[in-house]
Chemist: 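Structure below; questions to follow.
In this chain, numbering begins with 1 at the start of the sequence shown. Since this is a predicted model, take the numbers as computed values, not measurements.
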Amino acid sequence: MPTVCRALWTLQQSSVSSDLVIAHGGFGVNQHVVQRDGSPADYEGFTKTVDLYLNGTFNLLRLAAARMAAGQPSPTGDRGAIVMTASIAGFEGQIGQASYSAANASVI
């Protein structure tokens, strides 16, 4: 069972409320698009970072939202909230962090 599914399932089995989910990324591969020696950046590092931030955030969003939508609303009609965080690098970029900046921009 994938980690996100397992975590949400465990939460559902407990008495803890699952009406709040926070999606926050984890890492970035530091490298210039073109290295000092003229070689291109490692594509695998770029895709790994984007996969974590963009695909991971969407996966958590879709799974958590489905569980919240299936739950009972609060007295005010709310079913939950999802908070997604991203770095200012998504707006401004950072030297040597193309993958990190692109991944954060995708979440913004």
Side-chain angles (χ1 to χ4, degrees):
M1 179 183 297
T3 305
V4 172
C5 291
R6 185 172 39 251
L8 292 172
W9 181 85
T10 301
L11 184 62
Q12 184 178 12
Q13 301 307 310
S14 73
S15 60
V16 177
S17 172
S18 62
D19 58 353
L20 174 66
V21 173
I22 300 173
H24 181 74
F27 68 87
V29 176
N30 297 329
Q31 59 184 352
H32 292 270
V33 174
V34 176
Q35 306 302 314
R36 290 180 188 228
D37 65 1
S39 63
D42 176 51
Y43 188 65
E44 184 179 335
F46 180 88
T47 58
K48 184 176 180 181
T49 302
V50 171
D51 185 47
L52 171 74
Y53 277 92
L54 178 59
N55 298 336
T57 297
F58 179 75
N59 191 40
L60 177 62
L61 173 69
R62 72 183 187 90
L63 294 171
R67 289 187 185 263
M68 288 178 189
Q72 294 298 314
S74 71
T76 59
D78 299 324
R79 293 182 189 267
I82 299 173
V83 177
M84 298 184 299
T85 65
S87 168
I88 192 70
F91 286 111
E92 298 179 353
Q94 293 181 339
I95 295 173
Q97 295 190 351
S99 61
Y100 180 77
S101 298
N104 276 276
S106 67
V107 172
I108 294 170

Chemist: Kindly indicate whether the side chain of M68, heavy atoms from C-beta on, has any atom under 4.5 Å from the side chain of I82.
Modeler: yes

Chemist: Of all heavy-atom pairs between D37 and S39, which one has the smallest distance, and what is that distance?
Modeler: OD1-OG, 2.6 Å

Chemist: H32 and I95: side-chain contact (heavy atoms from CB on, under 4.5 Å), yes or no, with the steps?
Modeler: CA-CA 7 Å; H32 292 270; I95 295 173; 3.3 Å; yes

Chemist: Between T49 (side chain) and S99 (backbone), is there a donor-acceptor pair under 3.5 Å?
Modeler: no

Chemist: Do the non-hydrogen side-chain atoms of V21 and V83 ever get within less than 4.5 Å of each other?
Modeler: no

Chemist: To the nearest 0.5 angstrom, please state how far the CG atom of L54 sits from the CG atom of N59.
Modeler: 11.0 Å

Chemist: Got a sec, which residues hit side chain to side chain donor-acceptor pair (under 3.5 Å) with T76, two or more places apart in sequence or on another chain?
Modeler: S74, D78

Chemist: Which value, rounded to the nearest 0.5 Å, describes the distance between F58 atom CZ and S106 atom OG?
Modeler: 12.5 Å

Chemist: Are V50 and L52 joined in one hydrophobic group, where the rule is that I, L, V, M, F, W and Y side chains link up if heavy atoms are under 4.5 Å apart?
Modeler: no

Chemist: Starting from I108, walk the hydrophobic network (Ile, Leu, Val, Met, Phe, Trp, Tyr; side-chain heavy atoms closer than 4.5 Å) and list everyone else you reach, by chain and number.
Modeler: I88, F91

Chemist: Roughly how far, to the nearest 0.5 Å, is CG of N104 from CE of M84?
Modeler: 12.0 Å

Chemist: I need the T57 OG1 to Y53 OH distance, nearest 0.5 Å.
Modeler: 8.5 Å

Chemist: When rounded to the nearest 0.5 angstrom, what distance separates OG in S87 from CD in Q97?
Modeler: 8.0 Å

Chemist: Please table the atom pairs, donor to acceptor, closer than 3.5 Å between any side-chain atom in residues 40-48 and protein atoms at least two apart or in another chain.
Modeler:
unit_1	atom_1	unit_2	atom_2	d
D42	OD2	G45	N	3.0
T47	OG1	Y43	O	3.3
T47	OG1	E44	O	3.1

